[in-house]
Every structure is written in structure tokens, then in C-alpha cells.
Amino acid sequence: QVQLVESGGGLVQAGGSLRLSCAVSGRSFDNYHMAWFRQAPGKERDFVAHIRWSGGGTYYSDSVKGRFTISRDVAKNTMYLEMNSLKPEDTAVYYCAAGSGFYYTDYFKANKYDYWGQGTQVTVSS
């Protein structure tokens with residue numbers, strides 16, 4: 001079992017930056033695929049970014065590419081999402097996710113991930 005806890009959400013002005021953290025714990029997640037998703041009220045849960053816990057394999061949605069950076073610190077058992085040049089359209093609940101067994105080409109599909117955090121609210125004001 002893997003446990004995920006997000007933190008770092010809050011209110012930020014458009015153009016600003018924010019870093020989200022996802023504390024990861026559990027047994028043997030070394031080979032897991034990790035991702036960030038986000039969901040606005042009444043909307044579908046959308047893919048944001050992906051990384052392999054072992055490193056590499058970074059992918060981003062077109063909407064955040066060039067503005068967001070996904071990373072992880074193995075020593076701290078923490079995954080991060082650095083968000084820069086934030087826009088009001090980025091407002092959503094952000095979730096971290098982990099998955100162990102799916103086709104790598106499915107990294108952007110929420111239903112392929114096994115574990116989810118409870119989410120952290122990010123609000124970007126204009």
C-alpha cells in the first residue's frame with residue numbers, strides 16, 4: 001500500500017509561483033509511476049504531469065508545458081510540482097497519484113493510477 005498526502009496549495013496572484021508537495025509512504029514504490037492531476041468544480045480530472053519515481057519519464061499536459069516542473073526527492077520521499085506563471089485557469093484541486101502496473105502510454109489516464117492523495121486547493125486570482 002502507498003499513501004499520498006498533498007500540501008502547499010493556497011491563493012496566489014496570476015503570474016506568481018507555487019510549489020506543491022506530495023509526501024509518499026508505503027512499501028516498495030521505487031518502480032512506481034507518479035503523477036499530478038487537477039480537477040475544477042464540475043470538470044473532469046485532468047492530467048498535469050508525470051514522472052517515474054526512479055527518475056526520468058517526465059511528461060506534461062500542453063496547458064502547463066513550459067510553466068510547471070514535476071520532480072521528486074527520493075531522500076525526502078516527496079514529489080513536487082513547481083508551478084510558475086500561474087493563470088486563473090490553473091485554479092483547481094490538485095491531486096498526486098501513484099501507479100504500479102499500466103501501459104506507460106497510459107500515463108495521462110487517471111483511471112490507471114492505483115493510489116491518490118486527498119488533494120490540495122490551488123486558487124489563482126487575476
Side-chain angles (χ1 to χ4, degrees):
Q1 186 176 357
V2 174
Q3 298 83 42
L4 307 172
V5 180
E6 303 95 337
S7 63
L11 177 64
V12 64
Q13 295 294 122
S17 298
L18 198 64
R19 186 169 78 162
L20 306 182
S21 298
C22 175
V24 185
S25 62
R27 186 180 72 87
S28 187
F29 50 85
D30 296 348
N31 299 320
Y32 273 54
H33 297 257
M34 311 294 296
W36 288 95
F37 287 78
R38 65 187 183 186
Q39 187 168 22
K43 307 296 183 181
E44 295 182 346
R45 187 167 297 189
D46 292 328
F47 170 76
V48 176
H50 168 278
I51 193 170
R52 293 179 295 173
W53 187 256
S54 59
T58 56
Y59 297 93
Y60 298 91
S61 69
D62 289 340
S63 62
V64 308
K65 193 175 300 179
R67 299 188 298 121
F68 290 10
T69 302
I70 188 171
S71 64
R72 86 280 181 272
D73 187 326
V74 173
K76 294 184 177 181
N77 292 137
T78 304
M79 181 174 66
Y80 302 99
L81 184 68
E82 180 70 35
M83 304 183 294
N84 300 311
S85 301
L86 282 162
K87 306 174 181 179
E89 306 90 85
D90 296 317
T91 296
V93 177
Y94 283 70
Y95 300 89
C96 59
S100 61
F102 57 88
Y103 287 104
Y104 194 70
T105 53
D106 290 341
Y107 64 88
F108 59 91
K109 298 179 179 179
N111 63 6
K112 299 299 183 181
Y113 290 82
D114 303 310
Y115 305 101
W116 294 86
Q118 292 302 115
T120 185
Q121 176 71 48
V122 172
T123 302
V124 184
S125 61
S126 60

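The chain is numbered in sequence order, starting from 1.
Contact check for S17 versus N84: side-chain heavy atoms found under the 4.5 Å cut-off. No side-chain heavy atom of H50 sits under 4.5 Å from any side-chain heavy atom of F108. A heavy-atom distance below 4.5 Å is not found between the side chains of Y60 and R67. Two residues are said to be in side-chain contact when any heavy atoms from C-beta on lie closer than 4.5 Å; V64 and F47 fail this criterion. In this structure the side chain of L4 never reaches within 4.5 angstrom of the side chain of M79, judged on heavy atoms.
V48 and I70 fall within the same hydrophobic cluster, where Ile, Leu, Val, Met, Phe, Trp and Tyr residues are linked whenever their side-chain heavy atoms come under 4.5 Å apart, directly or through other members. Under a hydrophobic clustering in which Ile, Leu, Val, Met, Phe, Trp and Tyr are joined whenever their side-chain heavy atoms come within less than 4.5 Å, directly or via other members, V93 and F37 fall into the same cluster. Connection of W53 to L81 is established within a shared hydrophobic cluster, with ILVMFWY side chains joined at heavy-atom distances below 4.5 Å, either directly or through further cluster members. Under the 4.5 Å side-chain heavy-atom criterion for Ile, Leu, Val, Met, Phe, Trp and Tyr, L20 and V5 are members of distinct hydrophobic clusters. Taken together through direct or relayed side-chain contacts under 4.5 Å among Ile, Leu, Val, Met, Phe, Trp and Tyr, V2 and W36 form part of one hydrophobic cluster.
Going from atom OG of S125 over to atom CG of L86 covers 10.0 Å, rounded to the nearest 0.5 Å. Interatomic distance, R52 CZ to T58 OG1, rounded to the nearest 0.5 Å: 9.0 Å. The CZ atom of R38 sits 13.0 Å away from the CZ atom of R45 when rounded to the nearest 0.5 Å. The structure places OG1 of T120 at 11.5 Å from CD of Q118, a figure rounded to the nearest 0.5 Å.
A donor-acceptor contact shorter than 3.5 Å links the side chain of R72 to the backbone of S54. A donor-acceptor pair is defined here as one N or O able to donate and one able to accept, closer than 3.5 Å; such a pair exists between the side chain of Y113 and the backbone of Y107. A side-chain donor-acceptor contact under 3.5 Å links E6 to the backbone of C96. Not one N or O on the side chain of D90 forms a donor-acceptor pair closer than 3.5 Å with the backbone of V122.
The two residues Y32 and A98 have their closest heavy-atom pair at CD2-CB, 3.7 Å. Between L18 and G10 the shortest heavy-atom distance is CD2-N, 4.0 Å. Across every non-hydrogen atom of T78 and S21, the tightest pair is CG2-CB, 4.0 Å. Between S126 and A14 the shortest heavy-atom distance is CA-CB, 4.2 Å.
Shown are M34, K76, Q3; of these, the side chain to side chain contact (heavy atoms under 4.5 Å, CB included) with V24 is made only by M34.
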Intermediate values then yes/no, ring pair (Phe, Tyr, Trp, His ring centres under 6.0 Å), F29 and Y115: CA-CA 11 Å; F29 50 85; Y115 305 101; 9.8 Å; no

Pair T91-Q121, side chain to side chain contact (heavy atoms under 4.5 Å, CB included): steps then yes or no: CA-CA 8 Å; T91 296; Q121 176 71 48; 4.0 Å; yes

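Counting non-hydrogen atoms of neighbouring residues, nucleotides and ligands closer than 6.0 angstrom, the CG atom of N31 reaches no more than 12 such neighbours.
Comment: K65 engages D62 in a salt bridge, judged by a side-chain N to carboxylate O separation of less than 4.0 angstrom.
Cation-pi contact between R19 and Y80: present, with separation from the ring centre below 6.0 Å and deviation from the ring axis of at most 45°.
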